[in-house]
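A note on names: the letters A, B, ... follow the listed sequences, proteins ahead of strands, and every chain is numbered from 1. What you see below is based on every heavy atom in this structure, not just the backbone, and it leaves out hydrogens, waters and symmetry mates.
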Amino acid sequence: MITVEKLSLTLGKTPILRDVSFSVNAGEYISLIGPNGAGKTTLLRCLLGMYREHSGNISLNEKSLTGYAYRDLALAISYVPQTHDVEFPLSVYDFVMMGRYPHLKPLTPPSLKDIEAVEHAIETTGTGEFRDRTLRTLSGGERQKVYIAAALAQAASLILLDEPAAFLDYHHQADIMRLLKKINTEHGATVFAVNHDLNSAARWSDRLIAIKNGSVAFDGPPADLFAPEKLETLFETRFRFIEEPEHNLPLVVPDE
Amino acid sequence: MNKAAPILLLLVAAAFAALTLLPLFGITNIFSDSAGTDILWQIRVPRVLTAFIAGAALALCGMAFQALFRNPLATPFTLGVSGGAALGATLWLRFGLTATWFGVAGTSLAGFIGALGAVMLVYGLTRLQKGFSTSTLLLAGIAINLFFSSLILLIQYFSDPGETFRIVRWLMGGFFLIGFRVPLTLLPFVLAGTVLLALLVREMNMLLTGEELAGARGLHVERTKKLLFLSASLMTGSVVAFCGPIGFVGLMVPHICRLLVGADHRKLMPASLLFGGTFLALCDTLARTAVAPVEMPVGIVTALLGGPFFIWLLFSRGKI
């Protein structure tokens with residue numbers, strides 16, 4: 001679906017990404033991990049077509065990303081950003097409907113199909129009870145679900161998420177991760193999410209891609225990364241492994 | 001969200017009442033002699049009409065700039081547009097020029113050129129960097145406005161008292177006009193800007209959610225920002241040129257309307273248009289009747305009402 005070849009990006013004079021190559025296949029659930037400042041968010045933005053002055057090539061369905069119009073790109077890729085600062089009183093329903101923007105015809109009200117897509121997204125994410133409330137009155141966990149609902153309404157086959165469970169309590173973290181898995185397995189969407197929590201990334205996704213200093217440091221199934229020396233090199237921290245009988249992977253905790 | 005419909009209807013009624021009743025205020029002899037009728041049709045009606053058009057335009061510009069910058073404090077004033085207009089008009093008055101073109105006072109034309117010059121300056125500065133960030137544009141606008149203000153002070157300092165008075169008087173803003181020339185010249189600019197903004201209501205909503213997300217949803221962010229910037233500047237420029245810099249309407253009206261109908265521009269835009277027009281027409285009527293027979297400039301009234309009201313709003317709502 002997406003192929004990234006020798007992607008390098010320098011912003012100002014700082015090289016952010018160096019020679020990044022990987023591909024994303026339809027239906028996968030990939031977590032992007034790595035230390036702070038490794039270039040994860042920048043990589044997401046490249047996949048969204050926001051930085052176009054990079055070297056190397058990103059292609060979506062065998063066509064270079066630079067050849068896509070914004071609208072066509074939005075039909076294929078949706079995005080859930082990390083920060084949600086909506087200063088203005090917008091209702092949940094209106095916000096989710098905005099996800100339909102690439103489908104809407106100019107100056108024409110949303111069609112029945114758009115309304116159905118929004119209803120479906122609200123139902124899937126369980127956000128119906130606060131559909132008429134404004135975004136600002138919601139808690140962090142509720143707001144995150146609304147953002148995911150909007151991405152779902154966009155009906156793109158690939159969803160990019162930037163730390164979807166950050167700043168949430170344990171209950172809401174699990175809620176969001178379950179929701180993403182459901183979207184991946186039941187709706188067939190490809191999920192590509194930045195995740196800082198190694199254990200949750202390993203538990204929920206099929207594949208991990210680790211970025212360090214702007215380069216791909218690991219790409220493969222979670223079990224392959226869960227070796228003490230590999231994690232230590234990646235995060236420059238010692239980890240302890242705790243056996244977890246319920247899952248086939250141990251839990252890792254920083255040993256400091 | 002259904003509460004928006006009755007509010008919009010109420011605003012339509014208020015606007016209609018303002019346009020029909022306000023011209024009659026303070027005239028006792030309308031129907032008894034021809035002087036009364038002349039005052040009504042040559043002075044009052046055009047004045048109320050101009051105030052309505054200007055108020056609606058300033059409110060819409062404030063709304064557009066606030067969506068553009070995702071900042072509830074952005075107004076034509078924070079962006080240097082009205083500062084540029086004021087500088088243009090000041091220069092004109094300083095050099096004692098008196099020409100008119102097609103019945104349009106030279107002051108207005110100079111103001112309009114000043115406003116467009118400021119827009120091009122702010123815009124040009126931001127073009128130096130690739131793409132423009134919201135904070136860059138806002139800060140550039142503030143810096144340019146301050147720079148223009150000090151230039152105006154400098155010109156005043158070196159003017160004789162008569163010129164200084166005329167400049168200060170112009171800077172207070174107001175509607176002193178006879179006949180329909182001014183409202184009819186103003187109308188096409190305001191109408192063009194309003195139509196352009198009306199075509200962009202969905203896009204303005206998208207910008208409220210952040211440029212990154214709006215872009216990811218397929219919005220051509222740069223092009224939308226350019227169109228909003230240019231249409232709002234054109235409207236502000238023409239209004240400031242004809243009526244002087246009238247403050248607070250562009251800041252206050254969209255705020256109040258957002259509290260009434262929410263931030264969705266499909267409702268916010270008609271609400272701001274009607275509320276802005278009615279509000280400024282009312283303020284102007286107050287300005288000419290409160291201390292009659294002396295008329296106050298409307299800019300003083302909007303600021304006197306607007307300042308305290310706005311602070312009250314900020315503290316009573318916590319956050320708007």
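Atoms CG and CE, on Asn205(B) and Met97(A) in that order, are 12.0 Å from each other to the nearest 0.5 Å. Of the inter-residue distances, the one linking Asp264(B) atom CG with Thr134(A) atom OG1 reads 13.0 Å to the nearest 0.5 angstrom. Here the OH-CD distance, from Tyr70(A) to Glu222(B), works out to 7.0 Å after rounding to the nearest 0.5 Å. How far CZ of Phe88(A) is from CG of Leu268(B): 9.5 Å, rounded to the nearest 0.5 Å.
Contacts of Arg217(B) with chain A are made by both backbone and side-chain atoms, with heavy-atom separations under 4.5 Å. Only the side chain of Met50(A) has a heavy atom closer than 4.5 Å to any heavy atom of chain B.
Of the listed residues (Gly210(B), Gly218(B), Ala214(B)), the one with the most heavy-atom contacts under 4.5 Å to chain A is Gly218(B). Interface summary for chain A: among Leu213(B), Thr209(B), Leu199(B), Val221(B), the most heavy-atom pairs under 4.5 angstrom belong to Leu213(B). If you tally non-hydrogen atom pairs under 4.5 Å between each of Thr108(A), Leu75(A), Asp72(A), Leu73(A) and chain B, the highest count goes to Thr108(A).
Judged by distance alone, the side chain of Glu212(B) and the main-chain N or O of Arg45(A) form no donor-acceptor pair under 3.5 Å.
The shortest heavy-atom contact between Ala74(A) and Ala216(B) is CB-O, 3.3 Å.
The closest side-chain heavy-atom distance from Arg266(B) to Asp94(A) is below 4.5 Å.
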